[in-house]
Amino acid sequence: MAIVDEINALQAETLAAIDAADSTAALEQVRVGVLGKQGTLTGYLRSMGSVPKEERASVGKTVNVARNAVESALAARKETLARAELSAKIADSAVDVTLPGRAQQVGSRHLISRITDEIAEVFMGIGYSVASGNEVENDYYNFEALNTPPDHPARGMQDTFYVVDRSGDKAAVRGESDVLLRTQTSGVQAHVMEEQEPPIYIIAPGKVYRRDVADPSHLPQFNQIEGLVVDKGITFGDLKGTIDYMCKQIFGEDRRTRLRAHYFPFTEPSAEADVSCGVCGGTGHLYNGDRCRMCKGTGWIEILGCGMVDPNVFAYAGIDPEVYSGFAFGMGVERIACLKYDVPDLRMLLDGDMRFLRQF
Ligand code: DAH
């Protein structure tokens, strides 16, 4: 076959292959095979020198025509394939915009945080500031500086989790460790009195831990808000007025409060504060005469412990009880949240049941 015919045949064959290529990758293979360094058409271009003189013009022309035809066919086919591949890709990742959207669940603050903030706001409104302490505490601050030495019987009411250094071989026996998960926020009192000169007006919210089994009215981990006032001339009347003010702010203006004598190691005298029952209006019975179950017929609900700061506690902190006096109080946040919203079981606050939590 004459060279010119060979080239024409190669052109026809290549154009057919270009037509048949069904992907940009296959097309590229065709291109390399024809126009690449070792390509068939490239071979003809390279060997022009060995073509007899009289044929050179017509062979050269044929090769150029073939190259132009192949190149423009490649370009056209490449564009078609690229467009098809792009559409396929788009179709693949298509989103059906007519589907109904999935609504975002809007979160809300947990009731425990909300009540904590509400109480903090009440106190900040009358000039208190917010202090914080460590959940992992020394025995000294949790008990001793609060007038509760190691052999004190009040320790038995607040057994806790001791933190033991496991790096040595020491066995974890209660009483062998001085580090514990605090049982009460009262330790913040001791820290603040060490660090701050009176006048002191603080509250301290935070988590506390006790070796208790969870039941409707107990949790092994819960939140407290501590309060401490140290100033000149602070009296039991100031304590009573403060508690009454707080209860009216949190539960409503119609609530009454009372103090009952009690015992705490770090206050003298000590009291428990009750707020009048919101379910029976403090009467102890319902409109039909039934005994009120919320307050067990007493008309009162206990909400916190309080008292005048014991002079021994001042002594630990280096404050002169002849110059200063003060009061302190401590309340359970979960308990107050449940009382405010008539929740019958503290554990419901922690169950994570959205049907319950969403109500607040
Ligand atoms: N820390 C006490 C408790 O956890 C509550 C308490 C009682 C705190 C009397 C006080 C207080 O500051 O004065 O049971």
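Side chains included, hydrogens not; waters and symmetry mates left out as well; all remaining heavy atoms used. Being a predicted model, the structure only gives us computed values, none of them experimental. Start at 1 and go down the list; that is how both ligands and their atoms are numbered.
Classified by interplanar angle (parallel below 30°, tilted 30° to 60°, perpendicular above 60°), the ring pair Phe264/His262 is tilted.
Each of the atoms 3 (C), 4 (O), 14 (O) of ligand 1 lies under 4.0 Å from some heavy atom of Gln158. Within ligand 1, the atoms closer than 4.0 Å to a non-hydrogen atom of Phe264 are 7 (C), 9 (C), numbered from 1 in the order shown. Ligand-side atoms of ligand 1 in range of Ser186: 1 (N), 8 (C), range being under 4.0 angstrom from any heavy atom. Every atom of ligand 1 with a heavy atom of Gln189 under 4.0 Å away is listed here by number and element: 12 (O). Contact atoms of ligand 1 toward Gly307: 13 (O) (distance under 4.0 Å to a heavy atom of the residue). The Thr267 neighbourhood of ligand 1 comprises atoms 13 (O), with distances under 4.0 Å to a heavy atom of that residue. Of all atoms in ligand 1, listed by their number and element, those nearer than 4.0 Å to a heavy atom of Gly330 are 6 (C), 8 (C), 10 (C), 12 (O).
The residues Asp274 and Arg256 are annotated as not salt-bridged, no charged nitrogen and carboxylate oxygen being separated by less than 4.0 angstrom. Taking 4.0 Å as the cut-off between side-chain N and carboxylate O, Asp244 and Lys240 do not count as a salt-bridged pair. With respect to Lys89 and Glu85, no salt bridge is recorded, no charged nitrogen being found less than 4.0 Å from a carboxylate O. Between Arg355 and Asp353 a salt bridge is recorded (basic side-chain N to carboxylate O distance below 4.0 Å).
Surrounding CD of Gln38 are at most 12 heavy atoms belonging to other residues, nucleotides or ligands under 6.0 Å away. A 6.0 Å sphere centred on CZ of Arg260 holds more than 12 heavy atoms belonging to other residues, nucleotides or ligands. In this structure, Lys340 places its NZ atom where more than 12 heavy-atom neighbours from other residues, nucleotides or ligands lie under 6.0 Å away. Other residues, nucleotides and ligands contribute more than 12 heavy atoms inside 6.0 Å of the CD atom of Glu194.
In this structure, His262 does not count as a contact residue of ligand 1, since none of its heavy atoms falls inside 4.0 Å of the ligand.
Protein heavy atom closest to atom 11 (C) of ligand 1, with residue, atom name and distance, is Phe266 CE1, 3.4 Å. For atom 12 (O) of ligand 1, the nearest non-hydrogen atom of the protein is Glu226 OE2, 2.6 Å. In this structure, atom 2 (C) of ligand 1 lies nearest to the protein heavy atom Gln184 OE1, 3.7 Å. Scanning all protein heavy atoms for the shortest distance to atom 4 (O) of ligand 1 gives Arg210 NH2, 2.7 Å.
Inclusion of Thr183 in the set of residues having an N or O under 3.5 Å from an N or O of ligand 1 is not warranted.
With a heavy-atom cut-off of 4.0 Å, Cys306 touches ligand 1 through its backbone alone. If you look at Met331 next to ligand 1, there are no close heavy atoms at all, none under 4.0 Å. With a 4.0 Å cut-off on non-hydrogen atoms, Glu272 does not touch ligand 1 at all. With a heavy-atom cut-off of 4.0 Å, Phe329 touches ligand 1 through its backbone alone.
One finds the CG atom of Asp22 at 10.0 Å from the CG atom of Leu27 (value rounded to the nearest 0.5 Å).
Looking at every heavy atom in both residues, Asp345 comes nearest to Cys338 through O-SG, 4.3 Å.
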